[in-house]
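Below: one structure, written as structure tokens.
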Number of protein chains: 2
Amino acid sequence: MPRRTRQGTLILETIRKAKRPLTPAELHSTALKEIPNLGLATTYRHVKALAEQSVVVGVDYPGQPTRYEWVDGQDKTHFTCRACDKLFALDINQSDELPNLEMPPGFVVSGGEFIVYGFCPNCS
Amino acid sequence: MPRRTRQGTLILETIRKAKRPLTPAELHSTALKEIPNLGLATTYRHVKALAEQSVVVGVDYPGQPTRYEWVDGQDKTHFTCRACDKLFALDINQSDELPNLEMPPGFVVSGGEFIVYGFCPNCS
DNA sequence: ATAGGTGCAAACAGTTTGCATGTAT
DNA sequence: ATACATGCAAACTGTTTGCACCTAT
């Protein structure tokens, strides 16, 4: 059975309170303020467990480490610049915009991620 | 000025002929059949250059190395299983299904990637 | 001839794992 | 008391880079 620990609670709270997706390193260094000797491996173990429980989701962008964000039922749309690889969050109500996919039998959809590629104002 | 080489041509052709996204390692081992001493670093250098020119696109899936696929104007929709991380290509006419996004000024959209998360028949 | 490309090996970055110790239950 | 959790360091994997040699221009 899983066990409640200071570290686990802190990591969960940190990622929940963040208003943007965090890399494990960002998560770790933020959490260090509360528990100064928190191990990076512990951070990875918790974030991985949370992702397996679908409490958080990992999102991957080209050339950047995986970022994790809290699952609040509201899926998000992101924009990646092909030139500078910067990441932008688009303020779009995705549930209105997303296609209603017909999945092959046996596939259960639990969420979606729409990544738009292109060039940002600085690079176009 | 860029120079035409056997290696560069081979890597471009290999990725173009592939019918699914390839990791640099897959690309390399395929190309090895033609040029047995082709270096892995050379493969990376070419694939990176092709991606910068938008001749290919890199797609990242959680926990897996970046895969590169030929850009043929037809963007694809993929499905990732949250449990086994396997990757499935969905046969969906994306141009019909994709939302018509209103982008903030200055952003130029050149493509999109729709990733659906969920559970595949084996895992659900 | 010469600048860019190649192969190899070493360096790097992100992530995972082994293990002795600590700690919720 | 006993298993699970932690911290540290070492191991791994994927990717990049330095450099001497090679080759298309």
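Per chain, numbering begins at 1; letters A, B, ... match sequence-line order. All heavy atoms count here, side chains included; hydrogens, waters and symmetry mates do not.
Between B:E34 atom CD and C:dT6 atom P the separation is 16 Å, expressed in whole Å. To the nearest angstrom, P of C:dG7 lies 10 Å from CG of B:L10. Atom P of nucleotide C:dT15 and atom CG of A:L27 are separated by 11 Å, given to the nearest angstrom. Rounded to a whole Å, the CG atom of A:L40 is 13 Å from the P atom of D:dT6. Between the NE2 atom of A:H28 and the C1' atom of C:dT15 there is a distance of 13 Å, rounded to whole Å. Following rounding to the nearest Å, A:Q64 (CD) and C:dA13 (C1') show an atom-to-atom distance of 14 Å. Straight-line distance from the CG atom of A:L50 to the C1' atom of C:dT15: 16 Å, rounded to whole Å. Per the geometry, CZ belonging to B:R45 stands 11 Å off P belonging to C:dC8, to the nearest Å.
The listed nucleotides are C:dT15, D:dT15, D:dA5; the one nearest the side chain of A:T66 is C:dT15. The nucleotide whose nearest atom lies closest to any side-chain atom of A:N37 is, among C:dG5, D:dG7, D:dT6, D:dG7.
Under 4.0 angstrom from either OP1 or OP2 of D:dT15 there lies at least one side-chain N or O belonging to B:Y44. Residue B:Q7 places at least one side-chain N or O under 4.0 Å from the OP1 or OP2 atom of C:dG7. In terms of phosphate contacts, B:T5 brings a side-chain nitrogen or oxygen within less than 4.0 Å of OP1 or OP2 of C:dT6. Considering only side-chain N and O atoms, A:H46 lies nowhere under 4.0 angstrom from the phosphate OP1 or OP2 of D:dA5.
Under a 4.0 Å N-O distance rule, the pair B:R16/B:E69 does not qualify as a salt bridge.
In this structure, B:L22 and B:W70 have side chains that are not in contact, with every pair of non-hydrogen atoms separated by 4.5 Å or more. Side-chain contact between B:V47 and B:I15 is present, with heavy atoms from C-beta onward closer than 4.5 Å.
When the nearest nucleotides of DNA chain D are assigned to A:L38 and A:M1 by heavy-atom distance, the more 5′-ward of the two goes with A:M1. Judged by closest nucleotide on DNA chain C, B:R6 is the one of B:R6 and A:K48 placed further toward the 5' end.
In terms of polar N and O atoms assigned as donor or acceptor, the side chain of B:R4 never comes within less than 3.5 Å of the base of C:dG5 in a complementary pairing. With hydrogens and angles left out, the side chain of A:R3 and the base of C:dT23 share a donor-acceptor pair within 3.5 Å.
A donor-acceptor pair under 3.5 Å links the side-chain atoms of B:T30 to the main chain of B:E26, judged by distance alone. In this structure, the side chain of B:H28 engages the main chain of B:L38 through a donor-acceptor pair within 3.5 Å.
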